[in-house]
Amino acid sequence: MSKHTIVVCDHIHDAGLQILQSTEDVNYVYAADVNKTELLDIIKDAHVAITRSSTDVDEKFLNAAVNLKAIIRAGVGYDNVDIEGCSKRGIIAMNVPTANTIAAVELTMTHMLSCMRKFPYAHNQLKIDRVWKREDWYGNELYGKKLGVIGFGNIGHRVALRAKSFEMDVVTYDPYIPSTKATDLGIKYTTNFEDILSCDIITIHTPKNKETINMIGFEEIARMKDGVVLINCARGGLYNEDALYENLKSGKIAMAGIDVFIKEPAIDHPLLDLPNVTVTAHLGANTRESQREISVQAANNAIESARGIAYPNALNLPIDESKIPSFVKPYIELTQKMAFLIAQLSKSELRSINISAEGEVSEYLDSLQTFATVGILSVSCEEVNYVNANFIAKEKGIELTTSEFSNHSGYQNKVSIKITTSNGVKTISGTVFNDDVQRIVEINGFSLDIEPKGKMIIMRNQDVPGVIGEVGKILGSNNINIADFRLSRGKDGALAVILVDEKVSSDILKKLDSLEAAIAVAYAEI
């Protein structure tokens, strides 16, 4: 079995390292403790690299990494990664943007409460100055206050829900989401930015780009109510720092809670001199839980990208991400995973690939088709990528088509893949629940509910008694542990998807296939 070499260039939590160490088809190389010159020698053999902020993925690094397919930046920021240089060399660059979600949410609430109750200053007076003066610290309650949440993504919507539990009046502004995403949670949604500026407290949770830099400046603050409280645990520069300083100094802004600055470390920043600011040193991801999750996600993403299954949170894919709503991205990833799976179930000459969709996601069929084609061809073609996938398909005489259907399945959005091979037709469908919960819901006409992940046996059989017991006996006698067993019944028999903990050999598959009730047996990994 050929192995994928994954090099860990910087320190990550042990949980991710253990995943890499225990994965059979991974040659794991730990290089976090070597100097960066020595790393250039090590990286030449890497198929995937995992980095953090200590390793610059620059021209020197990329020139040395001659076999690199993908790079994982284990964290949110990627300023130290030459994205354009990666793209020129056909290297997919990824980050891990959601692993610190809860940590950032809770830090936001910490700053909000600290600003309202002036907690750090009251703490210092007693703890450091040893002064007991309760009369100095009359704060304000969150209860009944109006909170404006700018950006209603992973972090923003969780902040809003926690604010609701404090019985705050919450309104959000995010032109890139359907209003129902907020209103279904009992959050007011507005397209009028003035509704945000009229709030008692404003917190911002947007990416940093041309549209959001200095989103709140002198003019916007002038239109806010006197005594407003501002929170920024997202990105430095979303609030204009000069405007923030001047208005905090004048008292127009009563308090500000700031975790991020334009230039860091910000040890000499003027905001640190003001008595109405709570500050932290970019601690949004600094919890033990988030560091563990960052490591786990980075390791799993590295394995998936090494195998060509998926490239989660890719930063340089050949699609205009500014035109792709956030709800579409999990469908793109799911589509590639489903394609990778269905290709493993049909090891025969491929003649056509059809991608169909229903719901709003159908507007993005071209992107879905590209990812499906990569997923299918990567099973048999190592050199396939997002740029050349359609060309390779054409060279192989594979017809690529797309179809849009009216929403009739009961799912808000659904993506389906149909491949035609020399041995017949196979289909697979999937959907996404709650923004990012990916599920396969149909394989070859059988309804199921499967997470697209893991080692699985797909068995088509006659719907007769005793099959499950016989399957369990064969797997048990070969020390194969069953993690989950999903069964779907139809007029033409039954389909079982059996998730297992260990890789299944061809000999075991032959034993399953020899069962009297078996029609077809296959093994796949995602």
Check whether any side-chain N or O of Asn63 sits under 3.5 Å from a backbone N or O of Glu59 as a donor-acceptor pair, and report yes or no.
yes
Could you check whether Asp25 pairs with Arg307 (Lys NZ or Arg NE/NH1/NH2 to Asp/Glu carboxylate O, under 4.0 Å)?
yes
Atom pair CZ/OH of Phe327 and Tyr364 - distance to nearest 0.5 Å
5.5 Å
Measure the CG-CD1 distance between Asn444 and Ile342 for me, rounded to the nearest 0.5 Å.
5.0 Å
Between Asn80 and Arg73, is any side-chain donor less than 3.5 angstrom from a side-chain acceptor?
yes
Return yes when atom NZ of Lys36 has more than 12 non-hydrogen atoms of other residues, nucleotides or ligands closer than 6.0 Å, and no otherwise.
yes
With side chains defined as the heavy atoms from C-beta onward, is the minimum distance between Phe61 and Leu68 less than 4.5 Å?
yes
Derivation of the side-chain contact (heavy atoms from CB on, under 4.5 Å) call for Met456 and Val500:
CA-CA 6 Å; Met456 57 186 78; Val500 293; over 6 Å; no
Point-to-point distance, once rounded to the nearest 0.5 Å, from OG1 of Thr101 to NE2 of His157
9.0 Å
So does Ala285 get a backbone contact from the side chain of Gln291, meaning a donor-acceptor N/O pair under 3.5 Å?
yes
Minimum heavy-atom separation for Gln438 to Pro330, with atom names?
NE2-O, 3.7 Å
Is any side-chain heavy atom of Leu499 less than 4.5 Å from a side-chain heavy atom of Lys455?
no
Out of Leu17, Val7, Asp10, Leu20, which residue meets the side chain to side chain contact (heavy atoms under 4.5 Å, CB included) rule with Ile50?
Leu20
Decide side-chain contact (heavy atoms from CB on, under 4.5 Å) for Val81 and Asn95; before the verdict, give the C-alpha distance in whole Å, the side-chain angles of both, and the deciding distance to 0.1 Å.
CA-CA 10 Å; Val81 179; Asn95 66 342; over 6 Å; no
Ignoring hydrogens and angles, tell me if any N or O in the side chain of Asn413 forms a donor-acceptor pair with the backbone of Glu360 under 3.5 Å.
yes
Output yes when a side-chain donor or acceptor of Asp449 lies under 3.5 Å from a complementary backbone atom of Val441, and no otherwise.
no
Does any donor atom in the side chain of Asp33 or His11 lie under 3.5 Å from an acceptor atom in the other side chain?
yes
Among Val497, Ile482, Ile498, whose side chain to side chain contact (heavy atoms under 4.5 Å, CB included) with Ile457 holds?
Ile498
Closest approach of Tyr523 to Lys503 (non-hydrogen atoms, all atoms of both residues):
OH-CA, 3.4 Å
Before accepting this row, confirm whether a basic side-chain N of the pair Lys3/Glu24 lies closer than 4.0 Å to the acidic partner's carboxylate O.
no
Closest non-hydrogen atom pair, Ser295 against His13:
OG-O, 2.7 Å
Under 3.5 Å, is there a donor-acceptor pair between the side chain of Asp41 and the main chain of Lys44?
no
Side-chain contact, heavy-atom cut-off 4.5 Å: Asn478 with Lys511?
yes
Is there side-chain contact between Ser305 and Lys69, with heavy atoms separated by less than 4.5 Å?
no
Within the distance-only criterion (no hydrogens, no angle test), does the side chain of Thr172 pair as donor or acceptor with the backbone N or O of Val149 below 3.5 angstrom?
yes
Taking the side chain as every heavy atom from C-beta outward, state whether Glu451 and Arg439 have any pair of such atoms under 4.5 Å apart.
yes
So, for Ile12 and Ala74, which heavy atoms are closest and what is the spacing to 0.1 Å?
CG2-CB, 4.2 Å
If I compare all heavy atoms of Ile480 with all of Val504, which pair ends up nearest, and what's the gap?
CG2-CG2, 4.5 Å
Pair Ser429, Glu442: side-chain N/O donor-acceptor within cut-off below 3.5 Å:
yes
Please step through side-chain contact (heavy atoms from CB on, under 4.5 Å) for the pair Ile417 and Ile376, ending with a clear verdict.
CA-CA 10 Å; Ile417 303 170; Ile376 290 168; 4.2 Å; yes
Are Ile428 and Ser416 packed together at the side-chain level, in the sense that at least one heavy-atom pair is separated by less than 4.5 angstrom?
no
Checking side-chain contact (heavy atoms from CB on, under 4.5 Å) for the pair Asp259/Asn232: CA distance, chi angles, key distance, verdict?
CA-CA 6 Å; Asp259 182 53; Asn232 185 8; over 6 Å; no
Salt bridge check: are Arg486 and Asp484 linked by an N-O gap of less than 4.0 Å?
yes
With distance as the sole criterion, is a donor-acceptor pair present between the side chains of Thr401 and Asn354 under 3.5 Å?
yes
When you measure from the side chain of Asp436 to the backbone N and O of Val432, does any donor-acceptor pair fall under 3.5 Å?
no
Salt bridge flag under 4.0 Å for residues Lys337 and Glu333:
yes
Hey, does Val8 have a side-chain heavy atom less than 4.5 Å from the side chain of Val29?
no
Please report the interatomic distance OG1(Thr373) to NZ(Lys394), rounded to the nearest 0.5 Å.
14.0 Å
Should the heavy atoms of other residues, nucleotides or ligands under 6.0 Å from NZ of Lys208 be counted, would the total exceed 12?
yes
Could you tell me if His282 and Thr280 have a donor-acceptor pair between their side chains, going purely by distance under 3.5 Å?
no
Do Ser290 and Asn100 have side-chain atoms, one donor and one acceptor, less than 3.5 Å apart?
no
I'd like to know if the side chain of Ser362 reaches the main chain of Gly359, judged simply by a donor and an acceptor atom lying under 3.5 Å from each other, with no hydrogens or angles considered.
yes
Is there a donor-acceptor contact under 3.5 Å linking the side chains of His4 and Tyr28?
no
Heavy atoms only: give me the nearest Ala160-Phe152 pair and the separation to one decimal.
CB-CE1, 3.7 Å
Flag the pair Ile150 / Met215 as yes when at least one side-chain heavy-atom distance between them is below 4.5 Å, and no otherwise.
yes
Any donor-acceptor pair under 3.5 Å from Gln336 side chain to Ile332 backbone:
no
Does either side chain, that of Ser403 or that of Ser356, offer a donor lying less than 3.5 Å from an acceptor on the other one?
no
Taken to the nearest 0.5 Å, the spacing of Leu345 CG from Asn423 CG works out to 12.5 Å
Is the count of non-hydrogen atoms from other residues, nucleotides or ligands lying under 6.0 Å from Gln412 atom CD greater than 12?
no
Using 0.5 Å steps for rounding, measure from the NZ atom of Lys414 to the CG atom of Leu334.
12.0 Å
Decide whether Lys426 and Thr421 meet the rule of one side-chain donor and one side-chain acceptor closer than 3.5 Å.
no
Asp56 (side chain) donor-acceptor with Asp58 (main chain) under 3.5 angstrom
no
